[in-house]
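Being a predicted model, the structure only gives us computed values, none of them experimental.
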Amino acid sequence: MTTDGAGVPGHEDAVRARIAAARLWAAHQAPYLASAVFALNPVILEPALDEVTGRPVADPDFRAFPADTRWNLHVEPGTALATPIEQIGWWMLHQVGHLVRGHAARSPVRPEPGRQVSHAAGAVRGEQAHRWNQAADAEINDDLEAEDLRDPEGVVSPAALGLPANRTAEEYVPMLDVLADAMGRGGGALSDAIDCGSAVDGQARAYEDSGSGDGLGELDRDLLERSVAADIQDRISARGEVPSGWRRWAEERTRPSVNWRARLGALIRRGVSTVAGQVDFSYRRPSRRAGAYDGIVPPSMVRVVPDTVVVIDTSGSVADDVLSRLLAEVTGIIDGVAGPNRRLRALCCDVRPHPVQVVRRASDIELIGGGGTDMRAGVEAATALRPRPDLVIVLTDGETPWPEHRPSAHVVICLIGDGGHAPGWASVARVPADVPQRPRARGGS
Ligand SMILES: [Zn+2]
């Protein structure tokens, strides 16, 4: 096998053989992720060659075998040849974690104007992008550790950093900020500056242009995720071991929750408190019991209630009576958190948003629309409203395109039936298509 400079066919064969072996290793370690591991599309990049020997040299910027959201795995030949098979396999499982859990869509990272996205990690990438990558790694890596898979050196591990396990990337960000600050004062660093690629933050890298191939489209990705979730559930029913992070993901991805009322309530309440901050002590409104204190007015606890908009998919694929019952549920929950008879904004949407309706009760909302569905238009119109809403609740069967990135408002999606899909950046409660009438009688209506 001779080298002729740029071509180096021998190396490419060797690289492909290592990738194939790593795939088998990964599928064997976590059989419930096998279909995902085999869906990864390796794209072999141009090697950097040693001037003297003509052999590919490993580029540390590619040590994570960075992926993009179309499931392309970017393989830098020098790195592939220098990395043990087991470690390449470990990175494959790790990248599947980023992809399946929607880290790119959940990412808070936005492109920085005027700055060319570099393929390199570290200095060129912004601080926020780096932190998000670490937090997303923490979310995935504890599940890999639960499978007794050793982390490669320098990667983030919640256990090694003394952080709680089984948290989400969003929860790890502030914890890592605190830790990094403390360690930075001591001259240390949390972990190596590893760049996992656009699969982690949705920002395209320069190397993705060169022959990235097609990869998977949205529909393929959705089908693949469902089949991975089904594999995990099969393994759970067969009493096989599955790390808790993967177990939770598969449960949320597949079936409507038995406790969907509880879940929906928890999500809306969490949305309300995340957004509004907590309970605010204020003298603005005297307590009703003020009279009892003989003229001394105690501070009343005023809940700062976030402005909520409900977006309703009226494209016709969901029956009106189902929507009406769900709306009653949702407004019931909001009343419970915020107090009754608050004004609520509702926005019906099919392919485009209809005029906003300001109502006090769910039954006052007029369901208008029909035809196709595009919830991108609905979410966009809701977040563009003034005053700007803090919380957007979407009722839909999920047979719709979604905005690619996290909108400015917190979004809770009430996903009706067991089809459809919701984007990774949203909080999702699956609700059965045959919503039963609310069991509790509530006096009048
Ligand atoms: Zn990663």
Side-chain angles (χ1 to χ4, degrees), residues 15 18-19 22-23 25-26 29-30 33 36-37 39-48 56-104 106-107 109 117-126 128-145 149-158 160-161 169 172 176 189-208 210 212 215:
V15 168
R18 293 180 77 77
I19 294 296
R23 256 190 174 149
W25 180 89
Q29 298 301 315
L33 297 180
V37 166
L40 288 168
N41 177 44
V43 174
I44 315 248
L45 301 171
E46 207 58 45
V57 188
D59 180 345
D61 287 342
F62 288 92
R63 61 173 287 196
F65 295 82
D68 65 32
T69 52
R70 299 182 65 85
W71 288 66
N72 294 307
L73 190 76
H74 298 89
V75 179
E76 193 277 310
T79 306
L81 294 171
T83 308
I85 301 286
E86 295 78 10
Q87 211 176 95
I88 303 177
W90 187 94
W91 283 111
M92 285 178 167
L93 293 171
H94 177 95
Q95 292 292 1
V96 163
H98 283 311
L99 289 164
V100 162
R101 299 191 192 190
H103 284 151
R106 286 160 56 189
S107 165
V109 180
V117 181
S118 162
H119 70 273
V124 187
R125 221 159 38 127
Q128 187 194 28
H130 179 43
R131 179 73 72 243
W132 174 252
N133 199 148
Q134 289 175 318
D137 285 355
E139 178 185 310
I140 302 169
N141 289 347
D142 55 7
D143 283 323
L144 291 171
E145 287 165 10
L149 300 176
R150 289 270 307 272
D151 300 335
E153 217 166 296
V155 306
V156 169
S157 150
L161 290 172
Y172 281 125
L176 290 171
L190 266 183
S191 67
D192 295 353
I194 296 173
D195 183 1
C196 290
S198 59
V200 82
D201 59 20
Q203 306 302 311
R205 306 297 195 268
Y207 56 79
E208 286 176 21
S210 58
S212 286

Exercise. Under the side-chain hydrogen bond (donor to acceptor under 3.5 Å, both in side chains) rule, what do H98 and D137 come out as? Steps first, then yes or no, please.
Key: CA-CA 8 Å; H98 283 311; D137 285 355; 2.9 Å; yes
Quiz prompt | Worked check of side chain to side chain contact (heavy atoms under 4.5 Å, CB included) between W132 and R106 | solution = CA-CA 10 Å; W132 174 252; R106 286 160 56 189; 4.0 Å; yes
Practice problem: Quick one: do L40 and R23 satisfy side chain to side chain contact (heavy atoms under 4.5 Å, CB included)? Show the steps, please. | Solution: CA-CA 9 Å; L40 288 168; R23 256 190 174 149; 4.1 Å; yes
Quiz prompt | Worked verdict on V109 versus V200 for side chain to side chain contact (heavy atoms under 4.5 Å, CB included) | solution = CA-CA 10 Å; V109 180; V200 82; over 6 Å; no
Practice problem: Check the pair Q128 / R131 against side-chain hydrogen bond (donor to acceptor under 3.5 Å, both in side chains), numbers first and verdict last. | Solution: CA-CA 5 Å; Q128 187 194 28; R131 179 73 72 243; over 6 Å; no
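Every ring-ring contact (aromatic ring centres under 6.0 Å, His included) that W90 has, sequence neighbours left out, goes to H94. For T69, the side chain to side chain donor-acceptor pair (under 3.5 Å) test picks out no residue, with sequence neighbours left out.
Nearest heavy atoms, H103 versus A169: NE2-CB, 4.4 Å. Between G202 and A104 the shortest heavy-atom distance is N-CB, 3.6 Å. Nearest approach of A199 to L99, heavy atoms of both residues: CB-CD2, 3.7 Å. When every heavy atom of I140 is checked against every heavy atom of G97, the shortest pair comes out as CD1-C, 3.8 Å. What you find for P158 and A138 is that their closest heavy atoms are CG-O, 3.4 Å. Heavy-atom minimum distance, Y207 versus G197: OH-CA, 3.9 Å.
Between V100 and W71 the shortest side-chain heavy-atom distance falls below 4.5 Å. Contact annotation: the side chain of N133 never approaches that of I194 to less than 4.5 Å [non-hydrogen atoms, C-beta and beyond]. At least one side-chain heavy atom of P77 sits under 4.5 Å from a side-chain heavy atom of I44. You'll find the side chain of M92 reaches within 4.5 Å of the side chain of I19, heavy atoms only. Two residues are said to be in side-chain contact when any heavy atoms from C-beta on lie closer than 4.5 Å; D59 and L45 fail this criterion. Contact annotation: the side chain of F62 never approaches that of V75 to less than 4.5 Å [non-hydrogen atoms, C-beta and beyond]. Residues P42 and F65 are not in side-chain contact: their nearest non-hydrogen atoms beyond the backbone lie 4.5 Å or more apart. Side-chain contact between T79 and H74 is absent, with no heavy-atom pair separated by less than 4.5 Å.
In this structure, OG in S157 is found 7.0 Å from CG in N141, a value given to the nearest 0.5 Å. Atom CG of L144 is separated from atom CD of Q29 by 10.5 Å, given to the nearest 0.5 angstrom. Atom CZ in R63 sits 13.5 Å away from atom CD in E76 (nearest 0.5 Å).
A salt bridge links D143 with R101: at least one charged nitrogen is closer than 4.0 Å to a carboxylate oxygen.
In this structure, Q95 contributes its side chain and A64 its backbone to a donor-acceptor pair below 3.5 Å.
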